[in-house]
Amino acid sequence: MNQSNPVRVRFAPSPTGRMHLGSARTALYDYLLARRLGGQFILRIEDTDRKRFVPGAEQELIEGLRWLGLHYDEGPDIGGPYGPYRQTERQEIYLRWANELVERGHAFYCFCPPDRLEKVRQEQLKNKQPVRYDGTCRHLDPDEARRRVRAGERHVIRFKMPYEGETRAVDALRGEIVWQNRDLDDAILLKSDGLPTYHLAAMADDYEMKITHVIRGSEWLSTFPLHVNLIRALGWPEPVWIHLSVFLKPSGKGKMSKREAAAALNDGYSIFIKDLKELGYIPEGVLNWIVLMGWGVAEDDVMTLEEMVQRFDIRNLNPAPAAINFSKLDHFNGTHIRRLPADDLARRIKPYFERAGYSVDDTLLLRIVPLIRERLVTLDDCLPFAGWFFKDNVTPAPETLVPKGLTPAEAASVARRVYDLLAALPEITHASAEPPLRALVEALGLTPNQVFGLLRVAVTGQAVSPPLFESMELLSRETILARVQNAIALLERM
RNA sequence: GCCCCCAUCGUCUAGCGGUCCAGGACGGAGCCCUCUCAAGGCUCAAACAGGGGUUCGAGUCCCCUUGGGGGCACCA
């Protein structure tokens with residue numbers, strides 16, 4: 001690689017499914033590497049598989065990247081100097097290189113029908129032989145092959161893998177890897193539909209787009225020798241290769257499966273980025289979580305995207321598979337929520353209240369935020385903690401008003417004393433209400449828990465709430481008195 | 001079956017031959033704080049897969065075993 005060239009890193013997903021943790025992490029590392037080294041981050045859509053194409057998948061990818069804050073410099077929706085950035089729009093390029101490979105003797109036309117290939121495969125499997133192409137068309141006379149192609153015979157183009165010797169390639173995380181060429185296969189580069197396979201398309205695009213670092217999943221390790229041989233056959237510069245490990249299911253036993261994904265959702269988690277967003281996770285938390293799955297930092301593991309850029313170094317990447325740990329996601333999400341400025345958090349939770357049907361006063365919301373900030377794991381936790389602020393009246397279950405150790409009648413009596421005390425105050429604030437109420441607790445020979453608990457349920461309608469006095473301060477005196485009055489009535493009716 | 005990769009607390013990891021009776025984080029346990037729930041503080045339990053080498057010395061290098069993972073498509 002020529003060090004004087006700018007670093008260019010690409011995220012190249014295929015629009016065949018949903019954006020999940022694995023793709024997000026790859027994109028994140030791509031982004032971090034590009035930003036860290038002052039280069040460009042490119043989005044390229046690998047849509048050459050028309051059978052598996054999923055409408056809307058590209059949009060989810062783009063929205064996912066935007067939500068995470070992983071902004072790219074070039075991509076299908078924003079263009080760039082090396083476009084187009086969708087492989088189906090670059091078909092001529094692959095055709096040209098495939099022909100070039102054939103001309104140079106590094107690839108050959110193959111007319112083998114799929115059903116024959118399948119039979120060969122079964123035979124090899126049965127005989128416990130390595131499964132690969134048997135080489136039938138490899139030694140066809142080139143002129144004869146060209147004639148058949150011109151005649152319109154259905155064909156593919158295969159790479160002519162050397163039969164002897166070995167292939168060596170370097171992965172940045174694992175060092176040099178060696179393959180015996182006799183174990184390698186004559187992979188298809190150009191399908192009979194005229195579209196390239198990943199092998200040709202990705203390599204050609206990486207070359208055309210001047211990609212300097214390839215970060216991809218370890219599932220590409222097995223075709224790694226094919227890719228380097230292809231690149232070398234064409235004399236292209238070799239990028240730095242980085243093969244990331246896969247994610248394992250939470251137990252660490254086996255990879256993430258459909259079944260596991262469903263199980264996660266059942267527990268209130270998800271491996272899909274869009275779901276995570278809807279579950280109330282914030283990009284800061286998600287990013288911090290996934291960046292550490294495969295990247296080790298000695299200390300200070302709470303980071304913003306900017307801090308990740310400053311600290312990122314591919315030498316710290318871990319090639320070992322990593323098990324997904326959702327409780328760590330909760331931790332990072334809560335931590336980053338707490339770090340948000342009040343107005344920012346207010347802006348982010350406002351939609352949750354509105355979706356619940358409340359009309360939200362921004363001034364009140366801004367005063368609520370400090371009360372619930374350290375209680376939120378996900379954004380939607382704001383509802384159980386603070387939804388009651390926006391209700392005109394609350395309706396506690398009568399039995400929840402009765403403190404431990406007291407009868408309903410005793411509770412009613414306590415409530416009346418509390419009412420009298422609050423009614424005597426010209427205004428009810430944290431400062432004005434707490435001292436006399438504590439004195440009352442003392443005088444009644446009860447615990448703060450008993451009295452404040454009753455008041456909490458009376459005022460908020462629930463047993464768990466933000467701090468009582470701070471919460472009451474946000475309510476009008478009339479509201480508080482009316483709710484305590486209501487509680488007394490409820491208790492008297494028990 | 002064949003090829004390739006990986007291996008430190010339950011999990012994510014630090015460690016790049018001596019500073020490691022192995023450090024941090026999540027989770028767990030306990031204590032403190034406390035009006036509930038949290039947050040926060042303190043403490044504790046918890047790991048170098050096994051076996052051979054190399055070396056004065058190995059978690060750190062090599063080999064084997066075991067275990068885990070990926071791949072073996074006209075999918076990416």
Side-chain angles (χ1 to χ4, degrees), chain A residues 12-17 46-49 51-52 110 112 114 117-118 121 124-132 154-158 171 173-174 177-180 183-185 187-193 195 197-199 201-202 216-225 243 245-246 248 250-255 289 292-302 315-316 318-332 334-335 338 372-377 381 384-385 434 437-438 441 447-457 460 462-469:
Chain A
S14 63
T16 52
E46 311 222 323
D47 56 351
T48 56
D49 185 348
K51 289 194 271 306
R52 291 203 306 156
C110 174
C112 296
L117 260 18
E118 183 53 34
R121 208 180 349 260
Q124 290 169 331
L125 227 39
K126 208 181 79 191
N127 298 334
K128 300 185 190 300
Q129 292 293 307
V131 177
R132 30 195 252 265
R154 196 169 175 81
H155 66 282
V156 301
I157 292 179
R158 285 180 185 271
D171 171 79
L173 309 185
R174 296 157 235 263
I177 303 174
V178 184
W179 294 265
Q180 296 307 311
D183 294 326
L184 273 21
D185 205 356
I188 290 172
L189 300 180
L190 201 73
K191 298 179 276 187
S192 58
D193 64 2
L195 283 169
T197 57
Y198 169 89
H199 313 300
R216 56 186 352 188
S218 66
E219 65 268 25
W220 295 112
L221 234 28
S222 59
T223 45
F224 191 13
H243 293 90
S245 65
V246 294
L248 269 25
S251 67
K253 296 283 175 196
K255 62 171 177 176
W289 178 49
L292 257 15
M293 301 181 74
W295 179 34
V297 294
E299 237 115 300
D300 301 323
D301 59 359
V302 177
R315 285 174 302 189
N316 294 126
N318 193 154
I324 292 169
N325 182 317
F326 287 113
S327 63
K328 207 151 184 164
L329 167 62
D330 282 339
H331 167 257
F332 279 119
T335 300
R338 267 169 258 133
I372 62 173
R373 198 210 297 270
E374 63 267 23
R375 277 162 251 267
L376 306 182
V377 170
D381 285 340
F385 275 114
E434 185 172 4
L437 275 168
R438 284 197 183 278
V441 167
T447 65
N449 213 331
Q450 290 172 308
V451 178
F452 297 164
L454 191 166
L455 220 205
R456 178 191 316 284
V457 176
T460 71
Q462 47 198 53
V464 173
S465 82
L468 218 211
F469 301 108

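In what follows, chains carry the letters A, B, and so on, assigned in the order in which the sequence lines appear, proteins first and then strands, with residues in each chain numbered from 1. Computation of the quantities below employed the complete heavy-atom set of this structure, encompassing side-chain atoms and omitting hydrogens, waters and symmetry-equivalent molecules.
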**Asked** Within the structure shown, what part of the strands sits under 4.0 Å from Pro467(A) by heavy-atom distance: base, sugar-phosphate, or nothing?
**Response** base
**Request:** Look at all strands and tell whether Val297(A) reaches a base, only sugar-phosphate, or nothing, counting heavy atoms closer than 4.0 Å.
**Result:** sugar-phosphate
**Request:** Have a look at Ser327(A) and say if it touches a base, only the backbone sugar-phosphate, or nothing, with a 4.0 Å heavy-atom cut-off.
**Result:** sugar-phosphate
**Message:** I'd like to know if Arg456(A) reaches the base of C35(B) with its side chain such that a donor and an acceptor end up less than 3.5 angstrom apart.
**Reply:** yes
**Toward the 5' end of RNA chain B, by each residue's nearest nucleotide, Leu329(A) or Thr197(A)** = Leu329(A)
**Request:** Pick base, sugar-phosphate or nothing for Pro448(A), based on heavy-atom distances below 4.0 Å to the nucleic acid.
**Result:** sugar-phosphate
**Item:** Phosphate-side-chain proximity, Arg338(A) and G40(B), N/O vs OP1/OP2 below 4.0 Å
**Value:** yes
**Asked** How is Leu468(A) classified with respect to the nucleic acid when contacts are heavy atoms under 4.0 Å: base, sugar-phosphate, or nothing?
**Response** base
**Asked** When all nucleic acid strands are considered with a 4.0 Å heavy-atom cut-off, which category describes Thr16(A): base, sugar-phosphate, or nothing?
**Response** nothing
**Request:** Report which part of the nucleic acid Trp179(A) touches: base, sugar-phosphate, or nothing (heavy-atom distance under 4.0 Å, all strands).
**Result:** sugar-phosphate
**Distance test, side-chain N/O of Arg373(A) to OP1/OP2 of A39(B), below 4.0 Å** = no
**Request:** Between U66(B) and G52(B), how far apart are the C1' atoms? Round to whole Å, please.
**Result:** 14 Å
**Request:** Would you classify Gly254(A) as touching base, sugar-phosphate or nothing, given that sugar-phosphate means primed atoms plus P, OP1 and OP2, and contacts are heavy atoms under 4.0 Å?
**Result:** sugar-phosphate
**Prompt:** If we take the P atom in both C62(B) and C21(B), what is their distance in whole Å?
**Reply:** 23 Å
**Asked** What distance, rounded to whole Å, do you find between the two P atoms, one in A22(B) and one in G59(B)?
**Response** 12 Å
**Message:** If I take atom CZ in residue Phe326(A) and atom P in nucleotide U11(B), what distance separates them, rounded to the nearest angstrom?
**Reply:** 16 Å
**Interatomic distance where CG belongs to Leu221(A) and C1' belongs to A76(B) [whole Å]** = 15 Å
**Asked** Does a nitrogen or oxygen in the side chain of Arg121(A) sit under 4.0 Å from OP1 or OP2 of A73(B)?
**Response** yes
**C1'-based separation of C31(B) from U65(B) [nearest Å]** = 46 Å
**Message:** Looking at A76(B), I'd like to know if its phosphate oxygens (OP1 or OP2) sit under 4.0 Å from a side-chain N or O belonging to Lys191(A).
**Reply:** yes
**Asked** How would you label the contact of Asn316(A) with the nucleic acid (heavy atoms, under 4.0 Å): base, sugar-phosphate, or nothing?
**Response** sugar-phosphate
**Request:** For Val156(A), answer base if it contacts any base atom (sugar-phosphate contacts may also be present), sugar-phosphate if it contacts only those atoms, and nothing otherwise; contact means non-hydrogen atoms under 4.0 Å.
**Result:** base
**Request:** With P as the reference atom in both, quote the distance from A45(B) to A25(B) in angstrom, rounded to an integer.
**Result:** 15 Å
**Prompt:** Quantified in whole Å, what is the C1' atom distance between nucleotide G30(B) and nucleotide A46(B)?
**Reply:** 15 Å
**Message:** By the 4.0 Å heavy-atom rule, please label Pro250(A) as base, sugar-phosphate, or nothing.
**Reply:** nothing
**Message:** Just N and O in the side chain of Ser251(A): are any of them under 4.0 Å from OP1 or OP2 of G10(B)?
**Reply:** no
**Prompt:** Between His199(A) and Ala187(A), which heavy-atom pair has the shortest distance, and what is it?
**Reply:** CD2-CB, 4.3 Å
**Prompt:** What's the CG-P distance between Leu117(A) and A73(B), to the nearest Å?
**Reply:** 10 Å
**Request:** Identify whether any heavy atom of Gly294(A) sits under 4.0 Å from a base atom; if not, whether one sits that close to sugar-phosphate; answer base, sugar-phosphate or nothing.
**Result:** sugar-phosphate
**Message:** Angle between ring planes, Trp289(A) versus Phe326(A), binned at 30° and 60°: parallel, tilted or perpendicular?
**Reply:** tilted
**Pairwise C1' distance, A76(B) and G70(B) [rounded to whole Å]** = 14 Å
**Asked** So, do Pro319(A) and His243(A) sit near enough that their side-chain heavy atoms are less than 4.5 Å apart?
**Response** no
**Lys253(A) side chain near G68(B) phosphate (N/O to OP1/OP2, under 4.0 Å)** = no
**C75(B) base / Arg52(A) side chain donor-acceptor hit below 3.5 Å** = yes
**Prompt:** Does some side-chain heavy atom of Thr197(A) sit less than 4.5 Å from a side-chain heavy atom of Lys191(A)?
**Reply:** yes
**Message:** Output the rounded distance in Å from NZ (Lys328(A)) to C1' (G10(B)).
**Reply:** 12 Å
**Asked** Expressed in angstrom and rounded to an integer, what is the separation of Trp295(A) atom CH2 from G24(B) atom P?
**Response** 20 Å
**Request:** State, yes or no, whether a side-chain contact exists between Val464(A) and Phe385(A) at a heavy-atom distance under 4.5 Å.
**Result:** yes
**Request:** Could you tell me which nucleotide pairs with G27(B) by Watson-Crick or G-U wobble geometry, both distances under 3.5 Å, or answer none if nothing does?
**Result:** none
**Request:** Could you please name the partner base of U60(B), counting Watson-Crick and G-U wobble pairs only when both distances are under 3.5 Å?
**Result:** none
**Prompt:** Mind checking the P distance from C12(B) to G27(B)? Whole angstroms is fine.
**Reply:** 15 Å
**Item:** Side-chain touch Leu125(A)/Val131(A), heavy atoms, less than 4.5 angstrom
**Value:** yes
